[in-house]
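First the structure, in the form of structure tokens, and then the observations on it.
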Amino acid sequence: MAIIAPSILSADFANLQRDCEMLNQSAADWFHVDIMDGVFVPNISFGFPVVKAIKKHATKPLDVHLMIVDPDRYIKAFADAGADYLSVHIEACNHLHRTLQYIKAEGMKAGVAVNPHTPVSQLEDIVADTDLFCMMSVNPGFGGQKFIENTYRKIEKLKDLILRAGSKALIEIDGGVDGNNAAKLIATGADVLVAGNYVFSAANPTATIESLKAI
Ligand code: DX5
Ligand code: ZN
């Protein structure tokens, strides 16, 4: 049974409290919160006031995914805004090891997000310091994109790396997750499934979350 983390990016921002309460009542485990700066990715999502507003209503952990350059500048601000998990992109960090220590020092779990083109071999020397790998299964920037099939191969390699290191790091899959690929992702080694469009565009989001949780 995977951890299910619906992505707020696909929520109705004019009815954010309603959508937060729907997630509270549902089988969802975490709230996935996407932060985009228009530089690291070609899109801008939302910032601290919105994260704080979500935190006010959420009764489940906030899993914050930073798609921003130089994330060190904002680690404390995200801790103050209520992040429980904070993931930074390996491609955006010059000193990733130090960044992960900063995140933990602020009392959060430390995540490393990995773009589709970044080889798993680059994670070898950071695995012992990482609580969560956010493996991108689309190019980050937008919800509702098509799942990249090569992700399965990367999960296998990452699982092997984690097991060999004796690490407890979780593997999260982010992008294009739906009812067609969720079972295979879990069978391959995924621990956490993010789902945006699949949940929020469904006629019954609560039942859709329940169906992912039941796999
Ligand atoms: C993409 C984001 C994802 C996105 C997933 O850049 O990191 O979290 O919200 O949305 P879906 O599930 O619609 O691909
Ligand atoms: Zn994300």
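Ligands are counted one by one from 1 in listed order, and the atoms in each one are counted from 1 as well. Owing to the predicted nature of the structure, the values given are computational and were not obtained by experimental measurement.
- With side-chain heavy atoms closer than 4.5 Å counting as contact, directly or through intermediates, the hydrophobic cluster containing Ile3 also holds Trp30, Tyr85, Leu132, Leu170, Val192.
- A salt bridge links Arg73 with Asp70: the closest approach of a Lys/Arg side-chain nitrogen to an acidic carboxylate oxygen falls below 4.0 angstrom.
- Here Lys55 pairs with Asp84 in a salt bridge; the nearest charged N to carboxylate O distance falls below 4.0 Å.
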Could you check ligand 1 for N or O atoms lying under 3.5 Å from protein N or O atoms and list the pairs with distances?
residue  : atom   : partner : partner atom : Å
ligand 1 : 6 (O)  : Gly141  : N            : 2.7
ligand 1 : 7 (O)  : Asp34   : OD1          : 3.0
ligand 1 : 7 (O)  : His65   : ND1          : 3.2
ligand 1 : 7 (O)  : Asp174  : OD2          : 2.9
ligand 1 : 8 (O)  : His32   : NE2          : 3.3
ligand 1 : 8 (O)  : Asp34   : OD1          : 3.1
ligand 1 : 8 (O)  : Asp34   : OD2          : 2.7
ligand 1 : 8 (O)  : Asp174  : OD1          : 2.6
ligand 1 : 8 (O)  : Asp174  : OD2          : 3.1
ligand 1 : 9 (O)  : Ser7    : OG           : 2.8
ligand 1 : 9 (O)  : Asp34   : OD2          : 2.9
ligand 1 : 12 (O) : Gly196  : N            : 2.8
ligand 1 : 13 (O) : Gly144  : N            : 2.7
ligand 1 : 13 (O) : Asn197  : N            : 2.8
ligand 1 : 14 (O) : Gly176  : N            : 2.8

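- Between the CG atom in Leu66 and the CZ atom in Phe40 there is a gap of 10.5 Å [rounded to 0.5 Å].
- Listing protein N, O or S atoms at distances below 2.8 Å from the Zn ion (ligand 2), with waters left out, gives His32 NE2, Asp34 OD1, His65 ND1, Asp174 OD2.
- One finds the CD1 atom of Ile173 at 6.0 Å from the OG atom of Ser137 (value rounded to the nearest 0.5 Å).
- Under the 30°/60° scheme for interplanar angles, the aromatic rings of His32 and His65 are found to be tilted.
- Looking at residues two or more places apart in sequence or on another chain, you find a salt bridge (Lys or Arg N to Asp or Glu O under 4.0 Å) between Asp80 and Lys76.
- Between the CG atom of Asp34 and the SG atom of Cys134 there is a distance of 8.0 Å, given to the nearest 0.5 Å.
- We find that Lys109 and Asp63 are not joined by a salt bridge, their nearest charged nitrogen and carboxylate oxygen being 4.0 Å or further apart.
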